[in-house]
Asker: 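My questions all concern the structure below.
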Amino acid sequence: MLNAILFGSTLLILFLLGFLTIPFLHLLIMFGAVIGSLVTWIILLHAWTGDKKGRILRGFIGSSFYLLLTIVFTYMIVTLEPQFPGDDTFMAFIGLVMAITVTLVAFITCFLFTGWFERKEMH
């Protein structure tokens with residue numbers, strides 16, 4: 001749920017930025033979203049007090065949002081058709097490949113931070 005909130009809020013901010021004519025501001029927002037996600041995942045890593053099996057299950061469930069997005073974008077690429085005769089779908093294909101790459105990297109990173117890595121005990 002937390003990943004969906006992070007993703008949705010970033011999309012909302014990017015949508016609202018579409019009404020402004022400030023160039024490259026969206027890149028700063030995306031950089032901030034990545035940093036915010038990593039910080040959130042690190043906080044979850046240090047907050048976990050259960051066993052290894054529970055940690056891995058939590059990590060998979062938490063990162064599955066990005067896996068589902070990857071599957072949706074893959075389906076969209078497979079079923080990509082021109083919207084009208086003569087429509088070039090190349091740019092849509094490139095956008096979907098980038099979306100698949102971003103969501104797959106987010107899935108792997110989220111799983112590593114929330115499910116795979118272990119909290120180091122301070123003595």
Asker: In this structure, would Leu112 and Leu104 fall into the same cluster of hydrophobic residues linked by side-chain contacts under 4.5 Å?
Answerer: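 Looking at the clustering, Leu104 is in the same group as Leu112.
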Asker: Among all residues two or more places apart in sequence or in another chain, which pass the side-chain contact (heavy atoms from CB on, under 4.5 Å) test with Ile42?
Answerer: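 His46, Phe113.
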Asker: Linking I/L/V/M/F/W/Y whenever any side-chain heavy atoms sit under 4.5 Å apart, do Leu57 and Leu44 land together?
Answerer: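 In one cluster with Leu57: Leu44, no.
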Asker: Kindly state each residue pair satisfying ring-ring contact (aromatic ring centres under 6.0 Å, His included) with at least one member in residues 49-83, sequence neighbours excluded.
Answerer: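 Qualifying pairs: Phe7-Phe65.
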Asker: Specify the closest pair of heavy atoms between Ala33 and Thr10, including all atoms of both residues, with the distance to one decimal.
Answerer: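 Reported closest heavy-atom pair: CB-OG1, 3.5 Å.
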Asker: Applying side-chain hydrogen bond (donor to acceptor under 3.5 Å, both in side chains), which residue pairs with at least one partner in residues 26-43 are found, sequence neighbours left out?
Answerer: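 Qualifying pairs, neighbours excluded: Asn3-Trp41.
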Asker: To which residues is Val39 joined in a hydrophobic cluster, defined by side-chain heavy-atom contacts under 4.5 Å among Ile, Leu, Val, Met, Phe, Trp and Tyr, whether direct or through other members?
Answerer: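 Taking Ile, Leu, Val, Met, Phe, Trp and Tyr as members, Val39 shares its hydrophobic cluster with Phe31, Ile35, Ile43.
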Asker: Does Val72 belong to the same Ile/Leu/Val/Met/Phe/Trp/Tyr cluster as Phe111, with side-chain heavy atoms less than 4.5 Å apart forming each link?
Answerer: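 Val72 clusters together with Phe111.
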Asker: Can you measure from CG (Leu17) to CE (Met30) and round to the nearest 0.5 angstrom?
Answerer: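 With rounding to 0.5 Å, CG (Leu17) is 11.0 Å from CE (Met30).
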Asker: Going by the side-chain hydrogen bond (donor to acceptor under 3.5 Å, both in side chains) test, which pairs reach into residues 101-115, not counting sequence neighbours?
Answerer: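 Listed once each, the pairs are Thr70-Thr103.
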Asker: Please enumerate all residues that pass side-chain contact (heavy atoms from CB on, under 4.5 Å) together with Lys53, with sequence neighbours excluded.
Answerer: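 Lys53: side-chain contact (heavy atoms from CB on, under 4.5 Å) contacts with Asp51.
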Asker: Can you hop from Leu80 to Val97 via hydrophobic side chains spaced under 4.5 Å?
Answerer: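 Same cluster.
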Asker: How long is the straight-line distance from CD1 of Ile29 back to CG of Leu25, given to the nearest 0.5 Å?
Answerer: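 The CD1 atom of Ile29 is 5.0 Å from CG of Leu25, to the nearest 0.5 Å.
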Asker: Share the residues that join Phe19 in a hydrophobic cluster, the rule being Ile, Leu, Val, Met, Phe, Trp or Tyr side chains under 4.5 Å apart at the heavy-atom level.
Answerer: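 Reading the cluster by chain and number, Phe19 sits alongside Leu12, Phe15, Leu16.
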Asker: Kindly list each side-chain donor-acceptor pair under 3.5 angstrom involving residues 81-96, sequence neighbours excluded, with atom names and distances?
Answerer:
| from | atom 1 | to | atom 2 | distance (Å) |
| --- | --- | --- | --- | --- |
| Asp87 | OD2 | Gln83 | N | 3.0 |
| Asp88 | OD1 | Phe90 | N | 3.3 |

Asker: With clusters defined by side-chain heavy atoms of hydrophobic residues (ILVMFWY) lying less than 4.5 Å apart, directly or transitively, does Met98 cluster with Ile71?
Answerer: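 Result: yes, single cluster for both.
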Asker: Mind checking what makes side-chain contact (heavy atoms from CB on, under 4.5 Å) contact with Ile5, not counting sequence neighbours?
Answerer: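 Here the qualifying residues are Met1.
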Asker: Calculate, to the nearest 0.5 Å, the distance between atoms SG and CG belonging to Cys110 and Leu67 respectively.
Answerer: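 Cys110 atom SG to Leu67 atom CG measures 11.0 Å (nearest 0.5 Å).
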Asker: Apart from Leu27 itself, what residues make up its hydrophobic cluster when side-chain heavy atoms of I, L, V, M, F, W and Y under 4.5 Å apart count as a link, directly or indirectly?
Answerer: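 Its cluster mates, by chain and number, are Phe24.
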